[in-house]
Amino acid sequence: MPDISLTTLVLLCVAALAAGWIDAVVGGGGLLLLPALLLGMPQVPAAQILGTNKAVAIVGTTGAAATYVRKAPVQVGTALRIGLTALAGSMGGAFFAAGIGSDVLRPVIMVVLLGVAAFVLLRPSFGTHGDRGPVTRARIATAVVLVGGGIGFYDGLFGPGTGTFLVLALTAVLHLDLVTASATAKIVNVCTNAGALAMFAYQGTVLWRLAALMAVFNLAGGMFGAWTALRRGAEFVRGVLLVVVFSLVAKLAFDQWSG
């Protein structure tokens with residue numbers, strides 16, 4: 001356990017709780033959890049912050065996925081295929097990450113996110129009524145290659161907003177409602193997080209005692225977030241989605257122009 005005050009520890013646990021809820025509903029919990037760790041432990045190396053963040057996040061994501069699977073019409077096999085492809089894509093993205101500067105990617109991602117926000121605002125029905133018919137093989141193949149490989153590559157290359165992009169892409173490609181898309185995204189997230197955590201653990205960059213404590217709160221937040229999304233439905237998820245998208249744009253803009 002790093003040398004931090006009790007107040008900081010409590011605030012980190014609260015951040016883990018809130019991040020778990022946000023991530024379970026629509027993705028983007030890392031927008032809160034990672035900055036909280038960076039601010040709370042400025043003396044800790046970045047690699048340990050990233051490793052600890054993954055160790056905390058995977059617990060809440062797994063809890064949310066388990067909650068969704070019991071209640072939502074999730075095709076677990078399809079989700080796992082997308083997840084394994086995303087895992088491979090994230091490894092490829094990480095390989096190329098060293099050669100591409102974040103300052104180049106941020107403006108592109110901001111434009112994409114603003115376009116997504118405009119689309120969701122102008123299409124109020126987007127993701128509120130999923131396609132109840134059978135999912136065709138062509139759709140599944142597209143989801144595996146484009147959603148899994150493409151967003152997985154982005155996750156390894158850059159990262160912020162991966163969960164939110166997954167929800168949007170799964171809704172568009174598989175014609176899922178936003179609740180089912182969030183549920184499917186959690187299973188994909190478990191796969192990608194597991195690969196990243198394994199690498200961090202191998203490198204010895206996880207603060208396990210702190211991660212274990214924060215993970216308890218992240219798990220509670222994740223399970224409650226999944227329960228909230230299931231109870232409140234797609235319209236509620238749509239509202240949270242827009243808040244997260246605009247928050248992500250604001251964070252990227254701040255990082256771009258403050259740097």
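Within the structure, the salt bridge (Lys or Arg N to Asp or Glu O under 4.0 Å) test picks out the following pairs touching residues 184-198 (sequence neighbours left out): D23-K186. Listed by first and then second residue, the salt bridge (Lys or Arg N to Asp or Glu O under 4.0 Å) pairs that reach into residues 109-118 come to none, sequence neighbours excluded. Listed by first and then second residue, the side chain to side chain donor-acceptor pair (under 3.5 Å) pairs that reach into residues 32-41 come to none, sequence neighbours excluded. The side chain to side chain donor-acceptor pair (under 3.5 Å) pairs that include a residue from residues 64-73 number zero, where partners must be two or more places apart or lie in different chains. The stretch residues 41-52 participates, sequence neighbours left out, in no side chain to side chain donor-acceptor pair (under 3.5 Å) pair at all.
Using a 4.5 Å cut-off on side-chain heavy atoms (C-beta onward), I82 and L170 make contact. Residues D177 and T171 form no side-chain contact, since every pair of their non-hydrogen atoms from C-beta on lies 4.5 Å or further apart. Between L9 and L213, the closest side-chain pair of non-hydrogen atoms falls below 4.5 Å. Under the 4.5 Å side-chain criterion, counting only non-hydrogen atoms from C-beta, T184 is in contact with L176. Looking at heavy atoms from C-beta onward, M41 lies in side-chain contact with I4 at the 4.5 angstrom threshold. Considering only heavy atoms from C-beta on, V25 stays 4.5 Å or farther from S182 through its side chain.
By the criterion of side-chain heavy atoms lying less than 4.5 angstrom apart, applied directly or through intervening Ile, Leu, Val, Met, Phe, Trp or Tyr residues, V145 is not grouped with L174; the two fall into different hydrophobic clusters. Under a hydrophobic clustering in which Ile, Leu, Val, Met, Phe, Trp and Tyr are joined whenever their side-chain heavy atoms come within less than 4.5 Å, directly or via other members, L6 and L39 fall into different clusters. Taking hydrophobic clusters as Ile, Leu, Val, Met, Phe, Trp and Tyr residues chained together by side-chain heavy-atom distances below 4.5 Å, I22 shares a cluster with L242. Tracing side-chain contacts under 4.5 Å through hydrophobic residues (I, L, V, M, F, W, Y), one never reaches F153 starting from M199; they form parts of separate clusters. In this structure, F165 is not a member of the same hydrophobic cluster as M91, with clusters built from ILVMFWY side-chain heavy atoms closer than 4.5 Å.
Through direct or indirect side-chain contacts shorter than 4.5 Å among Ile, Leu, Val, Met, Phe, Trp and Tyr, V243 is connected to no other residue.
N193 meets the side chain to side chain donor-acceptor pair (under 3.5 Å) test with K54; sequence neighbours excluded. With sequence neighbours left out, the side-chain contact (heavy atoms from CB on, under 4.5 Å) criterion links A169 to V147, I151. Every residue was checked against the ring pair (Phe, Tyr, Trp, His ring centres under 6.0 Å) condition with W208, not counting sequence neighbours, and none meets it. Residues passing the side chain to side chain donor-acceptor pair (under 3.5 Å) test with T228 are W21, sequence neighbours excluded. By the side chain to side chain donor-acceptor pair (under 3.5 Å) test, T8 pairs with S5, sequence neighbours left out.
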List the atom pairs, donor and acceptor, that lie under 3.5 Å between side-chain atoms in residues 214-221 and the rest of the protein, sequence neighbours left out.
| from | atom 1 | to | atom 2 | distance (Å) |
| --- | --- | --- | --- | --- |
| N218 | OD1 | G60 | N | 3.1 |
| N218 | ND2 | A16 | O | 2.9 |

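When every heavy atom of A18 is checked against every heavy atom of L32, the shortest pair comes out as CB-CD2, 3.5 Å. Between V188 and A86, the shortest heavy-atom distance links the atoms CG1-CB, 4.0 Å.
Put simply, the side chain of T205 gets close to the backbone of F200: a donor and an acceptor are under 3.5 Å apart.
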